[in-house]
Amino acid sequence: MGETEIIIFIALVSLAIIAFVVMTIALLLQYRKKKMAYENEKKQTEALHQTELLNVKLEVQDETMQHIGIEIHDSVAEKLTLASLHLQHAEYENKYPGLNEILMLSSSLINESLDELRLLSRRLLKQGDEQTDIVQSLQRECNRVAQLKICLVHFISDCSSIMMDTKVANTLLRIVQESIQNSMKHAHCNNISITLANRHGPFTLTISDDGIGFDAVVADQSQGFGLKSIKKRAGIIGAELIQTSSPNNGTCTKVILTQKNDLF
């Protein structure tokens, strides 16, 4: 074999070796690439599976919370409301001062429990930012009080529906409940009128009765729990509170809201 042939042979062998090494490296790189793609896909599949499991758990948890919230709102709160109304009726008819204090305390505790239950219900139902129809809420309250047959309750609104922030609506409802309770307990009235005006001018809620009334000056100096509670609640929602009364001329309480953009 000549020198030229030996050089050509060595060159061919070298090229074959280089080609083999390149192919081997290419196959190894391709294998590594496929392996990495498989591992990534496996990780994505596991992550997707974990996400789906988490979503299922969250859905089950949300459904459970929704169910509990509905039960609190529709069952427990309604029964406590009726219990409070019956206590108010018993307090109105009872003639023993000592027992009246116990009944008033029991009614106050029930009302506080109702506030806490309604707040818990809204949190469970995720209704913190929702709105409530104050017209429907007050109409229901008037219907409940009318069932006690202590006095006549009249409800008038210049709008069939007024939607507002749920917290504001619940505060207004508690003001009405406190005012009605004061009228039935102290005023010995025959009629209670609740009026909503929102169509012309600022939102105005008026609660009035035809009871015995009181001296507004004296009452302002020695406010009872009911009047303090009404003032405190009105201050919480930034409402203007105007209360007028005089002996034998009944009592009128007005709650005026002017910041509609924030509350409605």
| query | What is the distance from atom CE of Met163 to atom CD of Gln136, rounded to the nearest 0.5 Å? | reply | 8.0 Å
| query | Does the pair Asp209 and Ser193 meet the rule for a side chain to side chain contact (heavy atoms under 4.5 Å, CB included), with working shown? | reply | CA-CA 6 Å; Asp209 64 53; Ser193 296; over 6 Å; no
| Within residues 237-258 or reaching into it, pairs that qualify as salt bridge (Lys or Arg N to Asp or Glu O under 4.0 Å) - sequence neighbours excluded | none
| said: So Glu141 and Phe155, do their side chains get closer than 4.5 Å, heavy atoms only? | reply: no
| remark: Scanning both residues in full, the closest heavy-atom pair of Thr171 with Lys167 reads OG1-O, 2.9 Å
| query | Is there side-chain contact between Ile194 and Ile180, with at least one heavy-atom pair below 4.5 Å? | reply | yes
| Does a side chain donor of either Ser245 or Thr251 reach within less than 3.5 Å of an acceptor in the other side chain? | yes
| message | Quick one, Thr195 with Leu205, criterion side chain to side chain contact (heavy atoms under 4.5 Å, CB included). Give me CA distance, side-chain angles, the key distance, then yes/no. | response | CA-CA 6 Å; Thr195 305; Leu205 169 64; over 6 Å; no
| note | Residue pairs meeting salt bridge (Lys or Arg N to Asp or Glu O under 4.0 Å), one or both in residues 244-253, sequence neighbours left out, come to none
| message | Contact between Asn182 and Ile230 at the side-chain level, heavy atoms closer than 4.5 Å - yes or no? | response | yes
| Atom of Cys151, atom of Asn190 and distance for their closest heavy-atom approach | CB-O, 3.4 Å
| query | What distance do Leu172 atom CG and Leu138 atom CG have between them, rounded to the nearest 0.5 Å? | reply | 7.5 Å
| message | How long is the straight-line distance from CG of Leu173 back to CZ of Arg233, given to the nearest 0.5 Å? | response | 9.5 Å
| field | Distance (rounded to the nearest 0.5 Å) between Leu29 CG and Lys34 NZ | value | 12.5 Å
| field | Side-chain touch Thr206/Cys252, heavy atoms, less than 4.5 angstrom | value | yes
| said: Please give me the minimum heavy-atom distance between Leu257 and Ala239, naming the atom from each residue. | reply: CD2-CB, 3.5 Å
| query | At their closest point, which heavy atom of Thr132 faces which heavy atom of Thr166, and how far apart are they? | reply | OG1-OG1, 3.0 Å
| field | Path from Leu241 to Ile207 over hydrophobic side-chain contacts below 4.5 Å | value | yes
| field | Pairs touching residues 150-159 that satisfy side-chain hydrogen bond (donor to acceptor under 3.5 Å, both in side chains), sequence neighbours left out | value | His154-Asn191
| query | Do Thr253 and Ser179 get their side chains close enough for a donor-acceptor pair, meaning under 3.5 Å? | reply | no
| field | Test side chain to side chain contact (heavy atoms under 4.5 Å, CB included) applied to Phe203 and Ile256, step by step | value | CA-CA 6 Å; Phe203 175 93; Ile256 303 173; over 6 Å; no
| message | Quick check: closest heavy atoms across Ser229 and Glu178, and the distance to 0.1 Å? | response | OG-OE2, 3.4 Å
| note | Rounding to 0.5 Å, atoms CD1 (Ile212) and OG (Ser183) come to a distance of 10.5 Å
| Quick one: do the Gln147 and Asn143 side chains pair a donor with an acceptor below 3.5 Å? | no
| task | Any chance you could measure Leu196, atom CG, to Ile156, atom CD1, to the nearest 0.5 Å? | result | 10.5 Å
| message | Keeping Thr204 on the side-chain end and Pro202 on the backbone end, is there a donor-acceptor pair under 3.5 Å? | response | yes
| field | Ser161 to Asp133 - nearest heavy-atom pair and separation | value | OG-OD2, 2.9 Å
